[in-house]
2 protein chains.
Amino acid sequence: MSSHQPTRSRRTTERKGDVRERAILDTCEALLAEKGYEAMTVGDIAQGAGITRGALYFYFGSKQEVVTALVARTVEHLWERSRAAARTDEPREAIAAAMRRTVELWTEHGLVMRTAIDLSLTVPEIGELWSRTADAFTTAITAVLERAGVQPGTEPDQASPMARALCWMIERSFYHASQQSREDLRKASSTCEHIWKVSAGLTA
Amino acid sequence: MSSHQPTRSRRTTERKGDVRERAILDTCEALLAEKGYEAMTVGDIAQGAGITRGALYFYFGSKQEVVTALVARTVEHLWERSRAAARTDEPREAIAAAMRRTVELWTEHGLVMRTAIDLSLTVPEIGELWSRTADAFTTAITAVLERAGVQPGTEPDQASPMARALCWMIERSFYHASQQSREDLRKASSTCEHIWKVSAGLTA
DNA sequence: ATAAAAATCTACGTAGTGTAGAGTTTGAGT
DNA sequence: ACTCAAACTCTACACTACGTAGATTTTTAT
């Protein structure tokens with residue numbers, strides 16, 4: 001190997017470690033699905049990634065760090081997807097679009113998102129990541145509510161606090177539904193959408 | 001000691017173990033507040049209760065069993081309180097009353113309730129207990145919605161699923177608020193109450 | 001070709017869990 | 001008052017999983 005890469009080789013061929021790192025995170029995600037966080041041991045992850053425990057500690061300082069990295073990777077994904085969010089003006093359509101996107105996110109990344117929520121309390125780093133994500137969603141919801149005519153402000157019946165509550169409702173509903181079937185996810189989505197609309201005053 | 005207790009002594013003086021058991025649960029609750037579930041070791045609990053680790057394992061088979069018992073004890077409390085629930089017919093007042101009660105519950109037992117939620121996934125027994133509790137709340141909310149004129153049924157915009165979503169909203173909102181201040185709890189309560197009313201069609 | 005950096009390994013120290021089995025206290029029946 | 005079983009408590013141990021140390025091999029850059 002080693003094509004010496006004429007000029008554009010500021011970044012040489014991908015480090016071997018980068019591949020391993022990805023392998024570790026992938027294995028971690030798989031094991032998380034298979035046996036859950038507690039039952040999953042550092043040895044398991046290493047074995048799955050084709051290295052020994054000792055080698056794994058070269059990449060990550062602890063089991064928690066591995067999972068944190070996995071969450072970070074996924075959340076990164078969410079943010080990118082969110083940035084490409086529809087810029088619909090019609091509130092009714094904006095809400096429907098948002099819920100469609102949320103269903104997608106949870107079908108694709110439900111496992112990691114559930115893990116993030118579960119570990120938010122015990123792993124501060126993850127708590128921080130998830131808290132940021134929730135804030136982003138809350139902000140988005142607030143905007144829609146205001147555009148639909150809800151009073152802006154921080155009083156209990158004004159946009160901000162309402163958005164926060166709706167965000168928690170969505171989080172929890174999807175958290176549970178995504179453990180069941182894809183069908184449950186769809187139903188939960190419809191219900192949340194309905195409550196969101198009603199809360200926005202779009203009662204018709 | 002040992003007054004021989006003429007006739008009514010079918011149940012002799014409280015077993016020493018009963019006292020210990022209570023001491024263990026009390027200590028567990030205190031430690032949970034102080035250092036959290038993960039950091040709290042079985043040795044800590046035993047020490048706090050004035051016995052050795054070995055002795056503790058006479059009462060409970062594991063750390064998880066201790067916490068499960070604690071949750072059970074608390075949930076028991078909730079149920080009793082719930083049975084004594086106001087039987088108001090006027091929906092608006094029923095909602096207000098329910099939220100008042102919920103605030104009480106979370107101010108008094110927030111810590112254990114949060115723990116129950118956190119461990120629901122990893123400790124099946126606790127998951128079961130909490131799931132029952134949530135069901136009870138959902139049923140109550142459903143009743144109020146229906147009395148307020150919401151269509152009964154299981155379609156996404158009918159009473160049952162809506163009640164479930166509202167239940168999750170309340171759970172999550174209080175979960176977070178109870179980690180902050182009593183004031184936040186009050187605010188969260190107002191917001192949830194408002195959304196609940198609007199969802200019930202009590203928009204005036 | 002060589003030396004630094006990157007990656008990997010084996011071996012060890014530690015903490016916390018749960019179990020075994022022996023010892024002590026309590027109390028109900030005689 | 002005596003006794004025996006149940007209730008209770010202890011010390012000691014085995015096991016698992018984590019994280020660290022330090023030696024060793026592989027890659028990569030010059």
Side-chain angles (χ1 to χ4, degrees), chain A residues 1-28 31-32 34-70 119 122-123 125, chain B residues 1-25 27-28 31-32 34-69 119 122-123 125:
Chain A
M1 330 222 166
S2 86
S3 51
H4 77 46
Q5 215 106 348
T7 321
R8 53 182 294 282
S9 69
R10 193 153 31 172
R11 249 283 164 265
T12 64
T13 37
E14 188 177 42
R15 285 229 177 295
K16 190 176 176 187
D18 295 340
V19 181
R20 274 287 143 81
E21 199 164 315
R22 226 176 314 132
I24 291 172
L25 295 187
D26 291 343
T27 306
C28 179
L31 287 175
L32 227 36
E34 189 178 315
K35 28 173 48 179
Y37 179 76
E38 306 276 2
M40 170 185 71
T41 154
V42 174
D44 292 337
I45 305 176
Q47 186 173 9
I51 52 177
T52 59
R53 265 171 20 85
L56 189 145
Y57 278 100
F58 172 78
Y59 295 100
F60 299 98
S62 70
K63 182 179 171 183
Q64 296 195 340
E65 266 187 35
V66 177
V67 181
T68 303
L70 175 60
L119 298 182
T122 42
V123 187
E125 304 253 337
Chain B
M1 333 220 168
S2 85
S3 51
H4 76 47
Q5 214 104 352
T7 320
R8 55 182 293 279
S9 69
R10 191 154 32 169
R11 251 280 166 264
T12 63
T13 37
E14 188 175 41
R15 285 231 175 293
K16 190 175 172 187
D18 295 340
V19 181
R20 276 286 142 84
E21 200 163 315
R22 226 176 315 132
I24 291 172
L25 294 188
T27 306
C28 179
L31 287 175
L32 226 38
E34 188 177 316
K35 28 173 43 178
Y37 178 77
E38 307 277 0
M40 169 185 70
T41 152
V42 175
D44 291 338
I45 305 177
Q47 186 173 6
I51 53 179
T52 61
R53 267 173 18 86
L56 189 146
Y57 278 100
F58 172 78
Y59 294 101
F60 299 98
S62 70
K63 183 179 169 182
Q64 296 194 341
E65 267 188 35
V66 177
V67 180
T68 304
L119 298 181
T122 43
V123 187
E125 304 254 338

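Quick note on labels: first sequence line is chain A, next is B, and so on, each numbered from 1. Since the model is a prediction, treat every value here as computed from it, not as a measurement.
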Spacing of [atom1] belonging to [X] relative to [atom2] belonging to [Y], to within rounding of 0.5 Å:
X: Glu125(A); Y: Leu119(A); atom1: CD; atom2: CG; value: 12.5 Å
X: Lys63(A); Y: Leu56(A); atom1: NZ; atom2: CG; value: 12.0 Å
X: Leu70(A); Y: Leu25(A); atom1: CG; atom2: CG; value: 6.0 Å

>> The test is side-chain contact (heavy atoms from CB on, under 4.5 Å); show your working for Glu65(A) and Tyr57(A) and say whether it passes.
In response: CA-CA 10 Å; Glu65(A) 266 187 35; Tyr57(A) 278 100; over 6 Å; no
> Among all residues two or more places apart in sequence or in another chain, which pass the side chain to side chain contact (heavy atoms under 4.5 Å, CB included) test with Tyr59(B)?
Replying inline: Arg20(B), Glu21(B), Ile24(B)
> Of the nucleotides dT17(C), dT8(C), dT9(D), which has the atom closest to the Tyr59(A) side chain?
Replying inline: dT8(C)
>> Nearest to the side chain of Arg20(A), heavy atoms from C-beta on, is which of dG18(C), dC10(D), dT8(C)?
In response: dT8(C)
>> Whether the side chain of Asp26(A) engages the backbone of Ala23(A) through a donor-acceptor N/O pair (distance < 3.5 Å, no angle test) should be reported.
In response: no
[X] [atom1] - [N] [atom2] separation (whole Å):
X: Lys63(B); N: dT17(C); atom1: NZ; atom2: P; result: 5 Å
X: Glu38(A); N: dT16(D); atom1: CD; atom2: P; result: 18 Å
X: Leu56(B); N: dT19(C); atom1: CG; atom2: P; result: 13 Å
X: Phe58(A); N: dG22(D); atom1: CZ; atom2: C1'; result: 15 Å
X: Ile24(B); N: dC8(D); atom1: CD1; atom2: C1'; result: 11 Å

>> Please tell me if Tyr57(A) has a side-chain N or O lying less than 4.0 Å from either OP1 or OP2 of dA21(D).
In response: no
> So does Thr41(A) get a side-chain nitrogen or oxygen closer than 4.0 Å to the phosphate oxygens (OP1/OP2) of dC18(D)?
Replying inline: yes
>> Does anything in residues 44-54 of chain B come within less than 4.0 Å of DNA chain D? Heavy atoms only, and list the residues if so.
In response: Ile51(B), Thr52(B), Gly54(B)
